Amino acid sequence: MGYIQGADRNQVILMPEILDDYVGADNEVRAIDAFIDSLDIASMGFKAEPAKEGRPGYDPHDMLKLYMYGYVNHIRSSRRLQKEAARNVELMWLLRKIVPDFRCIADFRKDNAKAIKEVFKAFVKLCNEAGLLSHDSVVIDGSKFRAMNADNKSYVSSNARKVLLDVEAKINQYMQELDEADCAESKPGAMTKEDISATLDYLERRKAQLTEALAEMESSETNQICTTDPECRIMKSRDGIRPCFNVQTAVESDNHLIVYYEVTSECTDWHLLEAGINGSKAALEVESLEGIADRGYSNEDEILNCLLNGDTPTTHPNKGEKCRVFRFQKTQTEVTEEMLASTDKETLLQCITAGVLPQILQRDDVELDVMKRREQGSSLYLDKETGEFVPYAEMKAMGGLERAAVEVKRKPPLQPYFERDIEKDIVICPMSQTLFYAGPGQPSGKKDTSIRRYHRLSACSKCPNKCTLGQQRMVAFKEGETRKKESFYDRARDNKILRKVNHRFKKITLSEEESSWDEWVILRFYPNQHHLRKRNTIVEHPYGTVKRWHGAGYLLTKGKLKVAAETGLCFLAYNFRRVVNLLGVNRIMTMIKT
């Protein structure tokens, strides 16, 4: 039995006479065409009127269709889009057989970056009007997208100084080898004078780059700089520490559609919770919303602002705690009904500090108590189980100081102290591992630049004889101090290592102002733990789909505005594909036309 054979290439075949016959009635390309044609692109910021002189340009509708089709079908490159426009039957139908040049395609995305983001918003609005979006809660998260900036074109002040010292040492070494090569006969396999000169030229260029970068960082008072794309930042990602943008998204909880996104240069999510919830409220056109987020958003100021906005910032409490606790000084403000019904943040804070919950916070997950300071001068401790503040004596009576001896086996260290090299700004630990600078000390909650802290997680995690029971050891040096003795190994040998048994209480660090308060107002917020458990099942899926489906873990454009256009097209394609899977093309067409 032979194989299945194809048709003869020279055989005459009858093809459909019109292009429309090649595209089925339920083909998703028809939905793309209908959606883009329904947009008022002039109000979005696209140039809608053709030029009166010169060669005519392409219709923005057609360019948008090309990009949306490309991103839905995993094509982001302008050159590949040009090639597909010339050979892809669906694109021939969609664009009516026009084939833009790849430069025109790339320039359209670059020149209309702000307007392209409005297309994403228009599709979200369409989904909202069709009832596809939940108005109860969104899940907020951030992900690092690799910027168009090479690793060797990004510099951190502390690391750049170390690299500069290494480069200068290598220059001196090669200069010495060059002098030796002049005086001695060349040996087989040794570097020639030409090789050494070429290496020296490279090192001199590298030295100039590092010197220029350090000077620029000093003048701009920043600790890092990226030369190719100055708007990106060096961030910790799954691929290591790389130049990235932090892209924030909010995903609604019913159909997992992205309702809001923003491109930021923030290295962490610490200050971005309120912005994410407010952006989601604008997209969903609601007055209040629950925003579910992970521990990276646990900024108490942000959480309090969200509560005062009438929203529900559902984030993990601190480890071992059941609620978020905010404390205020009790005032004697007279609260009126008008103040209680207000939505102004300052007015709401006046009500809270007076010991009265405003209407916007009168709900099941918020409590307010007024307490008087007991035992003036005594330390205060937070009871993690109840959220109450107790004095030192009460904490001690409840077993908060219980400790037990821990059997720790450690060998004698290579040296009994931490030794600091001021010139290289490094510390050598007792096991001869190198620790790096980790920021100024904070002995009283405020940064003290005269104290320098050092640590290195990778060294501590692999150390078989480390000087701590924790994950890593951080050591601080005062100005001019070069050695710090380590007694951990001696205490381990004498069986004097104690570990805390009762973790119910946490000491509260009070400022000078707080220490003088006689009455306190305690506001407690209890986040819904059940909602936190479903967080990653909602928000991680869009990121994983976009990065793997589009290969969009790296970016093709530079600058936050252009990156926002690129990521907007990715998220628009994700939402469109998601809606196609949920409703089908025919229902989408009906949704667009109504």
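Everything quoted here is computed from the prediction, not taken from an experiment.
Taking both residues in full, the closest heavy atoms of F35 and L572 are given as CE2-CD1, 4.4 Å, listed atom of the first, atom of the second, then distance. In plain terms, the two heavy atoms of G291 and I140 that are nearest each other are CA-CD1, 4.4 Å. Nearest heavy atom pair, residue A438 against residue H455, reads CB-CD2, 3.0 Å. Taking every heavy atom of both residues into account, N128 and A283 meet most closely at ND2-O, 3.9 Å. For the residue pair A86 and M92, the shortest heavy atom distance occurs at O-CE, 3.1 Å. Of all the heavy atoms in T314 and E290, the pair that sits closest is OG1-OE2, 2.6 Å.
The closest donor-acceptor contact from the side chain of N73 to the backbone of I75 lies at 3.5 Å or more, if one exists at all.
Counting only heavy atoms from C-beta outward, the side chains of E28 and V72 approach each other to under 4.5 Å. By the 4.5 Å heavy-atom criterion applied to side chains, V138 and Y260 are not counted as neighbours. The closest side-chain heavy-atom distance from F145 to C244 is not below 4.5 Å. L532 is listed as a side-chain neighbour of I292, based on a closest heavy-atom distance under 4.5 Å. The side-chain heavy atoms of M63 and P100, taken from C-beta on, include a pair separated by under 4.5 Å. Proximity of N299 to L273: side-chain heavy atoms (C-beta onward) are nowhere separated by under 4.5 Å. With contacts defined as side-chain heavy-atom distances shorter than 4.5 Å, the pair Y297/E302 does not qualify. Side chains of I258 and V124 form no contact here, defined as non-hydrogen atoms less than 4.5 Å apart.
Side-chain contact of E266 with H271: a donor-acceptor pair under 3.5 Å is absent, judged by distance alone. Counting only N and O atoms by type, the side chains of D425 and Y454 include a donor and acceptor under 3.5 Å apart. Checked by atom type, the side-chain pair K547/S143 shows a donor-acceptor distance below 3.5 Å.
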Go through the steps to decide whether D101 and Q82 satisfy the test side chain to side chain contact (heavy atoms under 4.5 Å, CB included), and finish with yes or no. CA-CA 6 Å; D101 180 73; Q82 178 189 355; 4.1 Å; yes

Checking salt bridge (charged side-chain N to carboxylate O under 4.0 Å, His left out) for the pair K65/D37: CA distance, chi angles, key distance, verdict? CA-CA 9 Å; K65 291 173 186 177; D37 283 341; 3.0 Å; yes

Determine whether E481 and F418 satisfy the following criterion, side chain to side chain contact (heavy atoms under 4.5 Å, CB included), listing intermediate values before the conclusion. CA-CA 11 Å; E481 191 176 9; F418 288 89; over 6 Å; no

Verify side chain to side chain contact (heavy atoms under 4.5 Å, CB included) between K281 and N309, making sure each step is shown before the conclusion. CA-CA 11 Å; K281 288 196 297 184; N309 290 336; 4.3 Å; yes

For the pair I426 and L435, evaluate side chain to side chain contact (heavy atoms under 4.5 Å, CB included) and give the outcome as yes or no after the intermediate values. CA-CA 6 Å; I426 60 173; L435 311 184; over 6 Å; no

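The pair R96-D62 meets the salt-bridge criterion, since a charged nitrogen lies less than 4.0 angstrom from a carboxylate oxygen. Using a 4.0 Å cut-off between charged nitrogen and carboxylate oxygen, R535 and E540 count as a salt-bridge pair.
A cation-pi arrangement is present between K484 and F477, with the terminal nitrogen or guanidinium carbon under 6.0 Å from the aromatic centre and inside a 45° cone about the axis.
A search for ring pair (Phe, Tyr, Trp, His ring centres under 6.0 Å) contacts involving Y69 returns nothing, not counting sequence neighbours. With sequence neighbours excluded, the residues forming a salt bridge (Lys or Arg N to Asp or Glu O under 4.0 Å) with R242 are D151, listed by chain and number.
Among the candidates N318, T315, N305, the single residue satisfying the side chain to side chain contact (heavy atoms under 4.5 Å, CB included) test with E300 is N318.
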Acceptor/donor pairs from residues 102-122 side chains to any protein atom, 3.5 angstrom cut, sequence neighbours excluded:
from: R109; atom 1: NH1; to: Y71; atom 2: OH; distance (Å): 2.7
from: N112; atom 1: ND2; to: F108; atom 2: O; distance (Å): 2.9
from: K117; atom 1: NZ; to: E262; atom 2: OE1; distance (Å): 3.0

